[in-house]
Novice: 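The structure's right below; bear with me while I get my questions together.
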Amino acid sequence: MQKTPLCLGVLLSPYSMSDSNTTDFTNPSTFILVGIPGLEMAHVWISIPFCTIYVLAILGNFTILFIVKIEPSLHGPVYYFLCMLAVTDLVLSTSVLPKMLSIFWFNSREIEFSACLTQMYIIHCFSAMESGILVAMAFDRYVAICHPLRHSTSLTNTVVAKISLAVVVRGGMLSLPCPFLASQLPYCRTNIIPHSYCEHIAVVKLACADILISSYYSLSVEFLVIGLDVFFITMSYIQILRAIFSLPTKDARLKTFGTCGSHLCAILTFYIPDLFSSLTHRFGHNVPLHFFILSANVYLLVPPLLHPLIYGVRTKEIRDRLLQLFPHKGV
């Protein structure tokens, strides 16, 4: 698959080696990233929105981290998870954009094999972590709405730390086999990767050996991580909606549901591009290759831009603190 997040390799891949220059390689030490195949002449123009998105994402997520750090009233579970989300977004975008921009601007296409595997691991690991963070935030909303009196005693700093550690360990452990399996394959077809970064299946498709293990493992991670996380989020919100509809007045229901607005928007910005990319790659067999690559890039670049905007606009505490930093412009 052309989408990255959780080493979503599948057997149905749009890559075709007939379009590449094939030579007799034996485990080359470097690979060549094409960028966006078919749109090489437009790379400079494509880099403008990509660079703008990256700069705004960096500024937005660092702003979230700064505000949470300096505001004691924001030192709570949901904001700790929000900080984890911001760090994850920063790592994801930074692991891809600098190299991509060097391809677009300086035609610097080479990447060391070890660096390629490192990039692959970071993307898959932090994508899995981001999905886990959204589950943790759903659990926080569940406890806050369904068991409000137990929220402060249930989600203590120790519990939040354990949940955070579990999210990090799960992402790291499940993603580790992807680069490991890729490193064990012999590469003798070509060293040209028809992608803008080291996407798992884009790399292993270059191997001159059976890649079924890598493909089936990536599918297993897809179902285990995305499937289970969406299931747990759905179950949390079923309980949340039941609690909301049991409230006596419409105003109380709307006010309580409003506390979930930011999290719901974050879920949509993460999983909708993921679902769109999955459906496109499974059923869009006649879709041009550059569309697959662009959709994979959108998956990694757009959520880091939207998350700080969502929480900055919809979360009153963050919005008020931000306006206090710029009193003359904020009024």
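Note that the structure is predicted; figures quoted are calculated from it, not measured.
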Novice: More than 12 heavy atoms of other residues, nucleotides or ligands under 6.0 Å from CG of Leu241: is that the case?
Specialist: yes
Novice: Looking at Ala266 and Ile310, what are the two nearest heavy atoms and their distance?
Specialist: N-CD1, 4.0 Å
Novice: Would you say the side-chain atoms of Lys99 pair up with the backbone N or O of Ser108, donor to acceptor, closer than 3.5 Å?
Specialist: yes
Novice: Could you walk me through whether Lys205 and His195 satisfy the side chain to side chain contact (heavy atoms under 4.5 Å, CB included) test, starting with their C-alpha distance in whole Å, then the side-chain angles of each, then the deciding distance to 0.1 Å, before giving a yes or no?
Specialist: CA-CA 12 Å; Lys205 289 285 286 186; His195 212 294; over 6 Å; no
Novice: Would you say the side chain of Asn191 lies within less than 4.5 Å of the side chain of Leu206, judging by non-hydrogen atoms?
Specialist: no
Novice: What orientation do His200 and His124 show, parallel under 30°, tilted 30 to 60°, or perpendicular over 60°?
Specialist: perpendicular
Novice: Where the side chain of Arg141 meets the backbone of Leu264, is there a donor-acceptor pair that is under 3.5 Å apart?
Specialist: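 No; judged by distance alone, with no hydrogens or angles, the pair does not exist.
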Novice: Do Val169 and Ile163 belong together in a cluster built from hydrophobic side chains that touch within less than 4.5 Å?
Specialist: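 Different clusters: Val169 never reaches Ile163 through Ile, Leu, Val, Met, Phe, Trp or Tyr contacts under 4.5 Å.
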Novice: Nearest heavy-atom pair of Met129 and Val167: which atoms, and what distance?
Specialist: O-CG1, 3.4 Å
Novice: Taking C-beta and beyond as the side chain, do Leu90 and Leu65 meet within less than 4.5 Å on heavy atoms?
Specialist: yes
Novice: Is any side-chain heavy atom of Phe104 closer than 4.5 Å to one of Ile36?
Specialist: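 In short, these two side chains touch, coming nearer than 4.5 Å.
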Novice: How many angstroms lie between atom CG of Asn297 and atom CZ of Phe50, to the nearest 0.5 angstrom?
Specialist: 4.5 Å
Novice: Would you name the heavy atoms of Ser29 and Glu112 that are closest together and state the gap between them?
Specialist: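 In this case the closest contact between Ser29 and Glu112 is O-OE1, 3.3 Å.
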Novice: Considering non-hydrogen atoms only, spot the tightest contact between Ile122 and Leu92 and give its length.
Specialist: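 Closest approach of Ile122 to Leu92: O-CD2, 4.3 Å.
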Novice: Check whether Ile240 and Met235 end up in the same hydrophobic cluster, where Ile, Leu, Val, Met, Phe, Trp and Tyr are linked by side-chain heavy atoms less than 4.5 Å apart.
Specialist: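 Yes, one cluster joins them.
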Novice: Closer than 3.5 angstrom, by distance alone: can the side chain of Glu40 be matched with the main-chain N or O of Gly38 as a donor-acceptor pair?
Specialist: yes
Novice: State yes or no: do Tyr79 and Phe66 share one hydrophobic cluster built from I, L, V, M, F, W and Y residues joined by side-chain heavy-atom distances below 4.5 Å, directly or via other members?
Specialist: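 Result: yes, single cluster for both.
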Novice: So how far is it from Tyr216 OH to Leu181 CG, rounded to the nearest 0.5 Å?
Specialist: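 With rounding to 0.5 Å, OH (Tyr216) is 14.5 Å from CG (Leu181).
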Novice: Is there a side-chain contact between Val204 and Met120 (heavy atoms, below 4.5 Å)?
Specialist: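 Contact flag for Val204/Met120 side chains = no.
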Novice: Leu155 and Arg150: side chain to side chain contact (heavy atoms under 4.5 Å, CB included), yes or no, with the steps?
Specialist: CA-CA 8 Å; Leu155 286 177; Arg150 292 161 46 188; over 6 Å; no
Novice: For the pair His147 and Tyr142, name the ring-plane relationship: parallel under 30°, tilted 30 to 60°, perpendicular over 60°.
Specialist: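 Perpendicular.
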Novice: Work out which heavy atom in Gln119 is nearest to a heavy atom in Val96; give both atom names and the distance.
Specialist: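 Answer, listing the atom of Gln119 first, then Val96: NE2-CA, 4.1 Å.
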Novice: We want to know whether His75 and Tyr80 form a side-chain donor-acceptor pair, criterion being a heavy-atom distance below 3.5 angstrom.
Specialist: no
Novice: Look at the side chain of Arg109 and the backbone N and O of Val34, then say whether any donor-acceptor pair between them is shorter than 3.5 Å.
Specialist: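 Between the backbone of Val34 and the side chain of Arg109 there is a qualifying donor-acceptor contact (under 3.5 Å).
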Novice: Counting only heavy atoms not in Gln239 (residues, nucleotides, ligands), do more than 12 fall under 6.0 Å from its CD?
Specialist: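 For Gln239, atom CD is crowded (more than 12 foreign heavy atoms under 6.0 Å).
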Novice: Is a side-chain donor or acceptor of Ser218 paired with a backbone partner of Ser215 at a separation under 3.5 angstrom?
Specialist: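 Yes; judged by distance alone, with no hydrogens or angles, the pair exists.
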Novice: Measure the CD1-OH distance between Ile64 and Tyr311 for me, rounded to the nearest 0.5 Å.
Specialist: 9.5 Å
Novice: Are any of the side-chain heavy atoms of Leu39 and Ile293 separated by less than 4.5 Å?
Specialist: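 In short, these two side chains do not touch, never coming nearer than 4.5 Å.
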Novice: So how far is it from Ile103 CD1 to Ser196 OG, rounded to the nearest 0.5 Å?
Specialist: 6.5 Å
Novice: Can you tell me which residue among Leu306, Leu305, Leu309, Val302 is in a side chain to side chain contact (heavy atoms under 4.5 Å, CB included) with Thr269?
Specialist: Leu306
Novice: Can you list the steps and then say if Thr94 with Tyr54 is a side chain to side chain contact (heavy atoms under 4.5 Å, CB included)?
Specialist: CA-CA 8 Å; Thr94 302; Tyr54 178 59; 3.2 Å; yes
Novice: For residues Leu134 and Asp229, determine if any side-chain heavy atom of one lies less than 4.5 Å from a side-chain heavy atom of the other.
Specialist: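 Heavy-atom side-chain distance check fails, nothing below 4.5 Å.
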Novice: May I ask you to test the His43-Trp105 pair for a side-chain heavy-atom distance under 4.5 Å?
Specialist: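 No, their side chains stay 4.5 Å or more apart.
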Novice: Would a line drawn from the ring center of Tyr237 to the ring center of His263 be shorter than 6.0 Å?
Specialist: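 Yes: the rings meet the under 6.0 Å criterion.
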Novice: Under the side chain to side chain contact (heavy atoms under 4.5 Å, CB included) rule, what do Ser93 and Asn61 come out as? Steps first, then yes or no, please.
Specialist: CA-CA 11 Å; Ser93 55; Asn61 284 287; over 6 Å; no
Novice: Has Glu199 got a side-chain atom pairing as donor or acceptor with Ala202's backbone, closer than 3.5 angstrom?
Specialist: yes
Novice: Linking I/L/V/M/F/W/Y whenever their side-chain heavy atoms sit closer than 4.5 Å, directly or via other members, would Met41 and Ile192 fall into one cluster?
Specialist: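 No, separate clusters.
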Novice: Answer yes if Ile213 and Val203 sit in the same cluster of Ile, Leu, Val, Met, Phe, Trp and Tyr residues linked by side chain heavy atoms under 4.5 Å apart, and no otherwise.
Specialist: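 Per the 4.5 Å side-chain linkage, Ile213 and Val203 are co-clustered.
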Novice: Is it the case that atom OH in Tyr271 sees more than 12 heavy atoms from other parts of the structure closer than 6.0 Å?
Specialist: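 Atom OH in Tyr271 is packed in, count exceeds 12.
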Novice: Hey, could you give me the OG/CZ distance between Ser236 and Phe231, rounded to the nearest 0.5 Å?
Specialist: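 Nearest 0.5 Å value for the OG-CZ distance: 9.5 Å.
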Novice: Over all heavy atoms of both residues, which pair between Leu247 and Ala252 is shortest? Give the atoms and the distance, please.
Specialist: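 Between these two residues, the closest heavy atoms are CD1-O, 3.6 Å.
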Novice: Are the side chain of Tyr197 and the backbone N or O of Leu97 linked by a donor-acceptor pair below 3.5 Å?
Specialist: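 Flag not set: sc Tyr197 to bb Leu97 has no pair under 3.5 Å.
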Novice: Can you find a pair of side-chain heavy atoms, one from Phe180 and one from Leu117, that are under 4.5 Å apart?
Specialist: no
Novice: Measure the spacing between OG of Ser214 and CD1 of Ile201 and express it to the nearest 0.5 Å.
Specialist: 6.5 Å
